[in-house]
*Asks:* 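Right, I'll just put the structure down here and ask away after.
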Amino acid sequence: MMESTNIQYDAINCRKHTAVLTEFGAVGDGKTSNTKAFKEAITKLAPKAANGGVQLIVPPGRWLTGSFNLTSHFTLFIQKGATILASQNEAEYPVVAPLPSYGQGRDAAGPTFNSLISGTNLTDVVITGNNGTINGQGKYWWVKYRSGGFKNITRPYTLELMFSKDVQISNITIIDSPAWNIHPVYCNNVIVRGVTIIAPIDSPNTDGINPDSCTNTLIEDCYVVSGDDCIAVKSGWDQFGIKVGMPTQQLSIRRLTCISPDSAGVALGSEMSGGIKDVRMEDITLLQTQSAIRIKTAVGRGGYVKDIFARSFVMKTMKYIFWMSGAYNQHPASGYDPKAMPEITNINYSDMTADNVTQPARLDGLKNDPFTKICMSNIKIELAKEPKKLLWNCTDISGVSSKVTPTPCSLLPEKGGPCAYPTDKIPIESVVMKKCSA
């Protein structure tokens, strides 16, 4: 065990014990597999983690590894100049059952590869650094996925924590994830802060941060360039998500910068069958992004998206600003219940500016299941040189607007004043971080 090197960092908890990855035989040459070293380190450190907590330092170097699982009361600290390099050897990723709220993998009707860094039923887990890097080496996975090489299995994610509480992911850079980057699922009390995520804008399903059936989550001060949604809020897929019934709720997203030409700044769904409610978004910057906020659902989803609040967005070069779709018809292979209709209501957008916009809004509810209580206020949208002829495309929705330009569709009449935004905080926003040393 080593003494700390006196790098200061903020964390939900500091650790009594410190170790360095090289103590467990790791070699940082970018070629030697360190999967065994990571696993051995965490296994041997687990008893110390239970006695005052432990931090594992990843020092400068290129540390090639396959999948490994974390433990409770544990900090993985990735130093500046250190890169955790994801193996492209499929044998280094155990095959695991799909999530219960999905019933199958998202790529295919079958199991999934375990994520690069994962954990289940954990308490008090920190993944941080002074801007160290995780490189998912995703090109191998993207090429094979696009060519149909994965017949019955879903690609690994980079970070996935399940059924865990008191989770912090901060001050790291993730590049070229095989698929989703950060996926907390069935978690409580999650902080994602100061994370940079970069993937090619044409890379498949490289969502940035996907809080999924989580309660009390804060995402702040993040920068995402992605081939998919920068943030995608989820809660399970069709009958599987309905059965698990675990919503994403109490979510705060603030000071996000996003670039995603083919996807959304923040997506709600399409897997929202456990429900999504009480989401707050503010101080968001979107550049060259397909849409600002996209609500995605379909017949068969069930669940709800409600009590959504967004304000203080600045946007430049956008295809759409507001996009809602009830026709996102991806379903599990085992079918779905056509009577399970989603509820989309109480959606509030205010205090936004946008330049170079092709179409302000595309809002398509469901016939006999309209999206209701949509509110827009104090929004100024400057159009592109060649905008769509129909600026506001609205069907099966209802709501109000106030001080919005260009003038919204007739289903959002000018009425009332500013849209609502909560004055309270969600609990995670009041957490006071501790000053720790690595």
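Being a predicted model, the structure only gives us computed values, none of them experimental.
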*Asks:* Would you say Gln239's side chain and Gly335's backbone share a donor-acceptor pair under 3.5 angstrom?
*Replies:* yes
*Asks:* Pairing donors with acceptors under 3.5 angstrom, does anything connect the side chains of Arg15 and Thr75?
*Replies:* yes
*Asks:* Could you tell me which non-hydrogen atom of Ser401 sits nearest to which non-hydrogen atom of Val404, and how far apart they are?
*Replies:* CB-CG2, 4.1 Å
*Asks:* With side-chain contact (heavy atoms from CB on, under 4.5 Å) as the criterion, how do Glu382 and Lys380 come out once you've worked through the C-alpha distance, each side chain's angles and the decisive distance to 0.1 Å?
*Replies:* CA-CA 7 Å; Glu382 298 283 353; Lys380 185 178 181 183; 3.2 Å; yes
*Asks:* Please say which of Arg146, Lys144, Lys151, Arg155 ends up in a salt bridge (Lys or Arg N to Asp or Glu O under 4.0 Å) with Asp107.
*Replies:* Arg155
*Asks:* Quick check, are the ring centers of Tyr336 and Trp237 under 6.0 angstrom apart?
*Replies:* no
*Asks:* Begin from the C-alpha positions of Arg362 and Asp364 and carry the test salt bridge (Lys or Arg N to Asp or Glu O under 4.0 Å) through to its verdict.
*Replies:* CA-CA 6 Å; Arg362 182 176 166 186; Asp364 301 314; 3.4 Å; yes
*Asks:* Regarding Ser101 and Tyr186, is there a side-chain donor-to-acceptor distance under 3.5 Å anywhere?
*Replies:* yes
*Asks:* Regarding Asn210 and His183, do their side chains bring together a donor and an acceptor under 3.5 Å, going by distance alone?
*Replies:* no
*Asks:* When you check the gap from the basic side-chain N to the acidic O, do Lys234 and Asp229 get nearer than 4.0 Å?
*Replies:* no
*Asks:* Mind listing the closest non-hydrogen atom pair of Ala298 and Asn329 along with its distance?
*Replies:* CB-OD1, 3.7 Å
*Asks:* Using distance alone, with no hydrogens and no angle criterion, decide if Thr372 and Thr345 have a side-chain donor and acceptor under 3.5 Å apart.
*Replies:* yes
*Asks:* Using side chain to side chain donor-acceptor pair (under 3.5 Å) as the criterion, point out the one residue from Asn216, Thr215, Asp278 that pairs with Gln249.
*Replies:* Thr215
*Asks:* Kindly give the heavy-atom pair with the smallest separation between Phe77 and Ile7, and that separation in Å.
*Replies:* CZ-CG2, 3.8 Å
*Asks:* For a 4.5 angstrom cut-off between non-hydrogen side-chain atoms, does Val195 reach Asn171?
*Replies:* no
*Asks:* State whether Arg301 and Asp238 are salt-bridged, where the test is any N-O pair (Lys NZ or Arg NE/NH1/NH2 against Asp/Glu carboxylate O) under 4.0 Å.
*Replies:* yes
*Asks:* Please work out which of the three classes, parallel, tilted or perpendicular, describes the rings of Trp323 and Tyr320, given edges at 30° and 60°.
*Replies:* tilted
*Asks:* Okay, side chain of Thr248, backbone of Ser213: is any donor-acceptor separation there less than 3.5 Å?
*Replies:* yes
*Asks:* Side chains of Lys139 and Asp176: does their closest heavy-atom pair fall under 4.5 Å?
*Replies:* no
*Asks:* Check Gly208 against Asn181 and note the closest heavy-atom contact, atom names and distance.
*Replies:* O-CB, 3.0 Å
*Asks:* Without swapping roles, check the side chain of Ser115 against the backbone of Ser118 for a donor-acceptor pair under 3.5 Å.
*Replies:* no
*Asks:* In the structure I gave you, are the side-chain heavy atoms of Ile172 and Ile127 within less than 4.5 Å of one another anywhere?
*Replies:* yes
*Asks:* Between Arg255 and Glu220, does at least one N-O distance fall below 4.0 Å, as a salt bridge requires?
*Replies:* yes
*Asks:* Using a 6.0 Å cut-off, check whether atom CD1 of Ile201 has over 12 heavy atoms from anything other than its own residue.
*Replies:* no
*Asks:* Is it the case that more than 12 heavy atoms not belonging to Lys306 sit under 6.0 Å from its NZ atom?
*Replies:* yes
*Asks:* Look only at the side chain of Thr289 and the backbone of Ser260, and say whether a donor-acceptor pair between them is shorter than 3.5 Å.
*Replies:* yes
*Asks:* Determine, for Lys435 against Asp10, whether the closest basic-nitrogen to carboxylate-oxygen distance falls under 4.0 angstrom.
*Replies:* yes
*Asks:* Assess whether atom OH of Tyr140 is packed by more than 12 heavy atoms of other residues, nucleotides or ligands within 6.0 Å.
*Replies:* yes
*Asks:* Think Lys39 forms a cation-pi with Phe68, using NZ or CZ under 6.0 Å from the six-ring centre and within 45 degrees of its axis?
*Replies:* no
*Asks:* Out of curiosity, Asp369 CG to Ile344 CD1, how far, rounded to the nearest 0.5 Å?
*Replies:* 7.5 Å
*Asks:* Measuring centre to centre across the rings, with the benzene-like ring taken for any Trp, is Trp63 within less than 6.0 Å of Phe38?
*Replies:* no
*Asks:* For this output row, return yes or no: ring centroids of Phe240 and Tyr102 closer than 6.0 angstrom.
*Replies:* no
*Asks:* Once you measure the plane-to-plane angle for Trp141 and Phe150, does it fall in the parallel (<30°), tilted (30-60°) or perpendicular (>60°) bin?
*Replies:* parallel
*Asks:* Under a 4.5 Å cut-off applied to non-hydrogen side-chain atoms, are Val126 and Ile12 in contact?
*Replies:* yes
*Asks:* Take Asp283 and Ser312 through the side-chain contact (heavy atoms from CB on, under 4.5 Å) test and state the conclusion after the steps.
*Replies:* CA-CA 5 Å; Asp283 300 323; Ser312 302; 3.4 Å; yes
*Asks:* Taking atom types as modelled and ignoring hydrogens, do the side chains of Asn13 and Lys434 form a donor-acceptor contact shorter than 3.5 angstrom?
*Replies:* yes
*Asks:* Start with the C-alpha gap between Ile209 and Cys222, add the side-chain angles, then the distance that decides, and say whether side-chain contact (heavy atoms from CB on, under 4.5 Å) holds.
*Replies:* CA-CA 10 Å; Ile209 304 162; Cys222 292; 4.1 Å; yes
*Asks:* Rounded to the nearest 0.5 Å, what separation is found between the CG atom of Leu56 and the OG1 atom of Thr71?
*Replies:* 11.5 Å
*Asks:* Check the surroundings of atom NZ in Lys388: do more than 12 heavy atoms from other residues, nucleotides or ligands lie under 6.0 Å from it?
*Replies:* no
*Asks:* Taking C-beta and beyond as the side chain, do Phe313 and Asp351 meet within less than 4.5 Å on heavy atoms?
*Replies:* no
*Asks:* Is the shortest side-chain heavy-atom distance between Ile374 and Met324 below 4.5 Å?
*Replies:* yes
*Asks:* Any side-chain donor paired with an acceptor under 3.5 Å for Thr35 and Glu92?
*Replies:* yes
*Asks:* To check you understand the geometry: which heavy-atom pair defines the closest contact between Trp142 and Ser177, and what is its length?
*Replies:* NE1-O, 3.0 Å
*Asks:* For Ile426 and Thr217, work out which heavy atoms get closest and say how close.
*Replies:* CD1-O, 3.5 Å
*Asks:* Looking at Glu282 and Arg280, is any side-chain nitrogen of the basic one under 4.0 Å from a carboxylate oxygen of the acidic one?
*Replies:* no
*Asks:* Between Ser170 and Gln168, do the side chains contain an N or O donor and an N or O acceptor separated by less than 3.5 Å?
*Replies:* yes
*Asks:* Just by distance, do the side chain of Gln88 and the backbone of Gln137 share a donor-acceptor pair under 3.5 Å?
*Replies:* yes
*Asks:* Start with the C-alpha distance between Glu271 and Tyr328, add both sets of side-chain angles, then the distance that settles side chain to side chain donor-acceptor pair (under 3.5 Å), and finish with yes or no.
*Replies:* CA-CA 10 Å; Glu271 308 92 332; Tyr328 206 84; over 6 Å; no
*Asks:* Would a distance-only check, ignoring hydrogens and angles, find a side-chain to backbone donor-acceptor pair under 3.5 Å from Ser270 to Lys296?
*Replies:* no
*Asks:* Fit a plane to each ring of Tyr421 and Phe309, take the angle between them on a 0 to 90° scale, and name the class: parallel (under 30°), tilted (30 to 60°) or perpendicular (over 60°).
*Replies:* perpendicular
*Asks:* If only side-chain N and O atoms count, and only distance matters, is there a donor-acceptor pair under 3.5 Å linking Asp207 with Asn205?
*Replies:* no
*Asks:* Within the structure provided, determine whether Leu218 and Arg193 are in side-chain contact (heavy-atom separation under 4.5 Å).
*Replies:* yes
*Asks:* Decide if atom CD of Glu429 counts as having more than 12 heavy atoms of other residues, nucleotides or ligands within a radius under 6.0 Å.
*Replies:* yes
*Asks:* If we ignore hydrogens and angles and just use 3.5 Å, is the side chain of Ser377 paired with the main-chain N or O of Cys419 as donor and acceptor?
*Replies:* yes
*Asks:* A side-chain contact here means heavy atoms from C-beta on lying under 4.5 Å apart; do Ser263 and Ser226 qualify?
*Replies:* no
*Asks:* With disulfide bond (SG atoms under 2.5 Å apart) as the criterion, how do Cys14 and Cys436 come out once you've worked through the C-alpha distance, each side chain's angles and the decisive distance to 0.1 Å?
*Replies:* CA-CA 5 Å; Cys14 302; Cys436 306; 2.1 Å; yes
*Asks:* Would Asp307 and Lys277 count as a salt bridge (Lys or Arg N to Asp or Glu O under 4.0 Å) here? Give the steps.
*Replies:* CA-CA 5 Å; Asp307 306 335; Lys277 66 181 179 183; over 6 Å; no
